[in-house]
Each structure stands twice: as structure tokens, then as C-alpha cells.
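What follows is one structure encoded as C-alpha cells, with my remarks underneath.
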Amino acid sequence: MRLRYLYFVLCCQVLCVSGDPDAGSRTWARFLKLPYPEDEAFLYDTFPDDFMWSVGTAAYQTEGAFQKDGKGLSIWDTFTSAGNRGTGEVASDSYHNVHRDIHLIQKLKVTHYRFSISWPRIFPNGTIGSYNEAGASYYINLIHRLKRIGVEPVVTLYHWDLPDTLQRLYGGWSNPILADLFKEYAEFCFRTFGDNVKFWITIDNPFVVAWHGYGTGMVAPGIKGDPGLPFRAGHTLIKAHAAVWHLYDNKFRQKQGGKVSIALGSHWISPRKKSKENIKACQCSLDFVLGWFAKPLFIDGDYPTCMKKNLSSNLPSFTETEKREIRNTTDFFALSFGSVLSFQLINDSLKFGQTESLSLRMVLYWINAEYNSPKIFIVENGWFVNGNTKTEDAKNMYYMKRFIMETLKSIKYDNVSVIGYTAWSLVDGFEWYREYNIRRGLYYVDFLSPDLRREPKSSAFFYQKLIEKNGFPLLPENEPITGVFPCNFTWGTAANSIQVETIPSQFNDPNVYVWDKSGNKKPEKVEGVVVPLRKTRCGDYASIRYQVSRLHRMHITHFQFSLNWPSLVPTGNVSQVKTTLLLYYKCFVSELQRANVTPVVTLWHRTAQHSGLPAPLVKNKGWQNTDTVQAFVAYARLCFKELGDHVKYWITLNEPNIRDEQKTFLEGHNLLKAHALAWHVYDEEFRRAQKGQVSITLHADWVEPAYPFSRNDVEPANRVLEFRIGWFAEPIFGNGDYPQLMREWLQQRNNLDLYDYHLPHFTEEERKLVQGTYDFFALSHYTTSLVFEEVEEKTQYNTYLEVHFIPDTTWLKSPKRGAVVPWGLRKVLNWVKSRYGDVPIYIMSNGVDDDQTETDDKLRLYYMENYINEALKASVLDGVNLQGYFAYAFDDQSDPGFGLYGYIHDEFYIKLSLGHYRKIIDKNGFPSPTAPKQDCTLELYSCPGCSLFFTKKSMITFLSFIGICFVITVGLVMYYSKKPSKRYQY
Ligand SMILES: *[C@@H]1O[C@H](CO)[C@@H](O)[C@H](O)[C@H]1NC(C)=O
Ligand SMILES: *[C@@H]1O[C@H](CO)[C@@H](O)[C@H](O)[C@H]1NC(C)=O
């Protein structure tokens, strides 16, 4: 599959990128056609060996010391001192903490560090005449220290902190004279620091400087009102950059050998509806932000056509000489992407009616297509967390993971030349117009502590580990294995309910219904009226025949479905059973059996309506009332009695452990009792005659600690598992009581007086009743989530468990947002094994929703392939006693979007995944192509259920057993063959 994908990608490279104007506009169409879901799945791979891993800061955000050692004021000093704003006067106080910050940089193991020089620190009034040596020394010192730890500096000359004098005297960047002054300042920097600097960035994000500094007034100098002003400022910024690039190219490049560029920020945007006009609008939106600066500098020295058309006289123009001077003045593409522009600074007027989104990968692809495949250095990227978040910055960390994953895919799948990545930022600091209300650092800064203490955040650990591994290398445990399941492995499918053929109303009278076992098909007379041929034989039910044939086509051996308790016993009283429905079920299971499909029948499962209970029981407080328990037991007995000849596998309750809002622990207690009592009824009254098995199915999605390197999160993950699975599993499969951890946790909560949770106690009698009421462990599993301790942000997700759930944004998602995480299944199977030993386990439901309009359900196919492979690992590598797998769901009718059979216009159709499942079943797993065919005839010689014979270890045991038998036999034969002769001697 991967190979086919690469082939596709290669073809696309040739066809899709050719470098003509507006070449980027093909990006949207291209990303609609990528191989799904492979392209969206996690990519295990590493970055090129010389990839640059960097982290960055900006002077005004971190340095502080705003008047120290002769520094002049910048426009940000004056901008923030007006009114009640937070300021960068102290910020992270990096000026006084070079040593400490260097240490942090070293710990991250980055290869590059991006920082900016504060222009007014070196030239307090902006001109060379005001040169301040102390300021220059600070940067010399910083660069030397970086060099000493082997980290290359990436130096920004201008990161928004213009000397205030230049704003006051000349009106800042709106005055063309700034280009000359900037060149003077740049020349000083090249001369002073250039021997040690290989990467220069002239200006950071000229879009924000021009548009928001001189247009909206959101950032310093905070000017607004003149629609032409931002474009005049932008005009100067472009000329200033070009002049500085030429200066370097002419006077310094040869000796210093560095590269110079400008950091351009971009958002990403997608067409609201797919049409030529909308794509044009998207293209225009990017041109107004990124193209404004990128097109003159990277292509032809002129503004994008779309800007010129829209702005007319507000947009200055370049002379031909200027154009020649401006174009081609970059040595690489320095891209800034993430929170600075996205969703914050792009106002509606720049979106042209389209939808902003967050795809770094598409931006990279667009730049590559639009600007003739430049080398791209991501010089700023990241997300942010709330200002009150401390070191557990999950949101930031998973955004970073996602952006880096997209960068990797861009390199590997899209053939874009990305040469470096810069995480933003090293430490928390002053966040421009958002002041200290958000944090973007990898290191937490305690702004209230006297020494502005730094502490690594989760994202720092994450980034460090990632750099160490140079990406996401494929680990052995992530690779699929080959191998097969044991010979008697159960392959099934599951449905919530079965389709019940409509039974004509006169047949609701059980006396009318003729249960004709003889197969007599003649019309019959009932109460003097001749009725046409009725469903007198089970085989006459067209719907049953049809369902059985559909099951047959799947090659499954088992079918799990739920009876409809409210329909079967509408009053809740079993003396008033709906006989016709009962007979229908009887027919259904006997026909299944006749067709060699083993029915697995579930007595109760929660439904949206009435919690799956007969209406009178719901009125009577449902599972909170012990009468419901008694009603359930009577209903179970009825089912065992009526259907038990054909049913050998029973599930009492399906997923009783899904905790919803109203559910109390008392309800859980009653559900446990109902299960246990039903189990005992079977055990005592039916087991001997019917020889079946009874158990319960527990919902068992996996929960993974959100911070892979923090032990603190193991505890919350455990807590969730105990409350979700252990709640029901421990009383039945374990020690007969609720998990200790559950009791302790609730006790603790109750002590806080905020809560009043009642986890019932088992009497000794109840404990005996419940413990051990199983014949196997059945679980349903669909997805995995991440969890961490809820200590900092109190949000709506905060539950009594005090945990916070988040998605890993690199995980593949289903249309209903279910995360596809195959290894979660292996983990949960091992969890069960670690708790309850070698209990036989059935995966009673496992499946995913997919686009319902597609017969090509590729996501499900991918899901199935990978989840079953993880189940195989659990079985073969981990020795989990796994007995069976049931694909959920049988068809879309029972759960829309989940089915292996689709359902449209009253017709069923086969989806792609069904054929794939059948293949897996036929091969009993994933046999290696070179391995001999699995020989299941051996099964005849071993006992049924001794599937363990087929693992290598047990095979050796088995063979040694045979060997020992052989030796003993030979010995005995020899002994007895000798004996007579001895005897005869006497
Ligand atoms: C900046 O300061 C220097 C030295 O004090 C002075 O000579 C120069 O005129 C000043 N320039 C401006 C633009 O204020
Ligand atoms: C751009 O500049 C590079 C060297 O700096 C040169 O090799 C290249 O030919 C130039 N491209 C154009 C279109 O002028």
C-alpha cells in the first residue's frame, strides 16, 4: 500500500508542480486526492540527517532590561507604557540570564537558536552616531556562549522593536528613509557579529509590522486610519530587506559565507465550496498576506496581480530599476506559521469569504509550488496555552507534534525541501498585544518569582526527545507482524439488534400462529378464514434467510446480536411475553445454527430510548430499583429456556459500564447483581443440559497518559481505567469487590465536602453471588484517548475524576471524530491479562464509523487490518488468551456508518472492508507468504480449546511430551519383551 502511495506521490510531483504563476492554486485539488487513509495516518519516519532543529525568541518578548546599559526606547516601550498594559520592561529578564538560558538551550539539544537583536540597544536613537557598546557586548557574549555549546545562531535584525526616535522623527517604516537607516544598522551587525553567524533574518513578519502596526493599530506603533499607510510601510520594508541582502551579498558573503532571508508569516485558507472562484479567492487571500512580500522578493520584484487589482492607488508601485533590485533577494524561504497569524491577526477582509484552517503541510506545498521550490526553513512555529497554565502544556505539545508531523510528511510525501524547524519559543515572555495572557514557551517562567524561575514544560521534554530521535522512527512494536491465530479462533460480527420481519397483526395472537415443524406449506384455515401461506417454517422468513445468507458471505463463524427486551416483554412481566417475537427469535437462532453460524445472544444493551428496558420498569426508576433486577432474571430464564437449545453463548449485559450523566453507582450495583443472578440461573438450571457459556461484555476503550515521559500521568490513566473497566470487572473477575482505588478516590472526594458519592458495599452474600460469575471475558473496544491530571486549567471536561481528556492531533480520525489507535487494543488486552490472568477473552465488538456514502470504506479497511494485527500481537507475542474477534457492525441498519454491509434505498450492499475481513478470516490472520499453510487437522488430535498448541512454546512442550511418551513406551516394551525370557529362566 505504501509503495502504491509513493508511486502516486511521485507522479503527482511531476504533474502538479511546474512553476508557472499561480501554481500554488493546485494545492487544494491535490490534497483532496491523496490516498486515504494512508496519507492521514501517523508517519513513522525520521528527518534528513542535516535537518536543523531550532528554538527561538524575540528581544522585546524576553530580554527585559528596557533601560539598562544605555539602551534606547523602542516603539514597544512607548506603545505599552501608554495606558494599563502589560509591558516588556522586565519580560523574562533574559538580559540578566544569558547563562541560565544557554543552559536551557543546551538541554534541548537543538542545533540552532534563533534570537533577535534589539536595534535601540545598539543604536539607542536608531542611528550609528548613538552607538552603545554595552548593547553590542551583550550579543557578542550571547553568540560566543552559543558557539561554545555548539549551537548555531540564527539572528533576526528586526523583530518589531524599532527605535522610538525613528518613529517620532520620521514616522517609522512609512518613511522610505528607514530603508537606509536599517541598512546602516545591518552593516554594523554583519561587521560585528557576522563571522559567527550563518543565518540572518532581516525582518520578522513584515505583514504584521505593516498591516497591524500601521493599519489596524493592534501592535506598535499602533497607527490606524489611513488605508494606504500599511502599504507604504510594506513598500519600505521590502526595499529595506532588498538593500540589506545586496549589502551582504556584495560586502560580506564571500568572507562570512552566511545566508540572508526575511521571515514571512502565513495563514492557511480553504475554499468554502469547491469552485474556481473560491480557489481564486483563496489564492488572493494568501497573496494579500504572504504574497505581498514573497512575490516581489522571490519572483519578479512586483506585487501580486490580485493586490494590484484590489488596491489600485493605495498600493505604491516599484520602478523597473527597483524591481530588478528587489527580485531574487533571498537565500532561503524563512516561514513563520502558527498562533501569531492564525485565527488572531487575519481579519475577515483578508479571507475573501473563505475558511481559514491550520494546515502547515498545505502552506509548505503551496510555497513550494508558487515560489519555484525554495529551501524552506520554518523559523517560527508553535501554539499557545492560557496564561495560567504551568508546566503541563498538553495543548501546545500536541499542536507541536502535529506541525512537526506535517513537516515530515511534507518532506517525505510532497517532496518539499524543508531544511529546518524552529519551535517557538524558548521561554514564556511578553506576548505582544496579548501581553501575558498566553504562554508560548517550552520553559515555564514564573513571572512572580524574584528570580523569574524557569521550569521545563511537557513540550520541552517532548521536543528534546524528538530531536534526539530526529523524528518519529518506526519502533518494532509499531510494525505489523505476520502470523496466524489459533486454529479454533472465533471470527464473528456483531449487531446491536436484528431486523425483525414485520409480523401481520392477526399473528400477534399466539393461537393463530402455527408452529409447523413438518414443513407443511399448504394454506391453513384459522377461525374459519382461509389465510394465505404463512411463516409456518423458520425457513419461510425471507428476512431470516436473507440475513443468514449475508452472514454466510462474510465467512464468519459467530454472530452476536441483542434481543429486544422491551419488545419481547413489553410489560416487564414474563407471563405476558410476545410469543410471535419469541418464535421469530427462535427461528432466527435455529436457522443460524442450521447454517453453521453460532449465535451469541445478548440479553440487554443500553439504547437511547428507555435504556433498553421495558417501559414500566423505566417508570419505576429502571436499574435503580431492585425490581428491575428480578424482572431481568425472569426474562433471562425465559430466554435460556426458550432459546437455549440453539444458543451456546450468552451475554447478560452489554456495556453496563458506560457511565452516563444520570447513572449512579447504585445502578451499577444492581446491574452487577442482575448479571450475577442470571449467570447463576443458567449455571444451576440450564448449564448441564445446554452446555453453554454465559458472561458480560464490558466497554473497554484504552486510556493513555498524555505525557509519555511523566510518571505523574500514569496515575490518572489508571484511575480512569479502574473507574471504567475495573468497576465491573473487579467484582466479577477479581476479588469480588470494587477496586480499592475507586473506594479511596471517592472517599477522598467526599472528605472535601464538595461531593457525596455512594459506592455501595457488597455484603458477604453479595460478594459470593457476584464473584466468579463468568465463563470468559468479553470486551468491546473502539478507540483510545489521552488523559492527564486536571490541575491547572479547570474546564468543562473536568469530572469527578479530575482528569482532562485530549486528542492527539496526529491520530487518524473517523468522520465522527473517533481516533484510530490500533495499539490501544493490544494495551487493553494486556491490561485484562495483567489483572485477570489467562481468562479467555473475546473482543465482542470492534469497529469504526466511516463515510456512509462510500462503498469504498477505506478507513474501516485500514482500521480492521491494523486492529486485528494488534490483536494478533497480543495473542502471539504477549500470550493473551484471546479466543475471538467480532467486527462491529454487521450492517449500517443496526448502526449507521459502522456497517460492513451498507444500506441505501432499502437495499444492502457490500462494502470494501467486508471483502477484506473475509480474506483475513480465510487466512486466519496474516500468514507470512512464505510460511506453510496453517494445518488445522492437528486440532483433531488435541482437545478442542487447546489452541495454545500452536504457539511455538507449547508446540515444544507438546513434542517433548510425545518424546517422553515414546521413551517410556519403548522402555516398557523392552522391559516386557525381556521379562518373559527372564521368567522362563526360572
Ligand atoms: C542620535 O544620537 C547621536 C549621538 O547623541 C546624535 O549625534 C544624533 O544626531 C542623534 N540622531 C537622531 C536622529 O536623533
Ligand atoms: C537569483 O540569484 C542567484 C544567485 O544569488 C542566481 O544564481 C540566480 O540565477 C538568480 N535568479 C534569477 C531569476 O535572477
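Atoms within a ligand are numbered from 1 in the order they appear, just like the ligands themselves.
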Just by distance, no angles: are the side chains of Ser317 and Tyr303 close enough, under 3.5 Å, to form a donor-acceptor pair? no
Please tell me whether Asp161 and Trp119 have a donor and an acceptor in their side chains that are separated by less than 3.5 angstrom. no
Give me the nearest non-hydrogen protein atom to atom 4 (C) of ligand 1 as residue plus atom name, then the distance to 0.1 Å. Gly129 O, 3.6 Å
So which protein heavy atom does atom 12 (C) of ligand 1 come closest to, and at what separation? Asn125 ND2, 3.1 Å
Salt-bridge criterion met for Glu63 and Lys71 (N-O under 4.0 Å): no
Under 4.0 Å from a heavy atom of [X]: give me the atoms of ligand 1 that qualify, with their elements.
{"X": "Leu169", "value": "13 (C)"}
{"X": "Ser130", "value": "1 (C), 2 (O)"}
{"X": "Thr127", "value": "1 (C), 11 (N)"}

The one among Ile299, Asn372, Asn328, Asp300 that brings a heavy atom closest to atom 8 (C) of ligand 2: Asn328
Polar side-chain atom of Ser410 near backbone of Glu406 as donor-acceptor pair, under 3.5 Å: no
Could you check whether atom 2 (O) of ligand 1 has a protein contact, counting only heavy atoms that fall below 4.0 angstrom? yes
Exercise check, heavy-atom protein proximity under 4.0 Å to atom 14 (O) of ligand 1: yes
Tell me whether the NZ or CZ atom of Arg85 lies within the 45° cone about the ring axis of Phe79 and under 6.0 Å from its centre. yes
Kindly assign one of parallel, tilted or perpendicular to the pair His235 and Phe318, based on the angle between their ring planes and the thresholds 30° and 60°. parallel
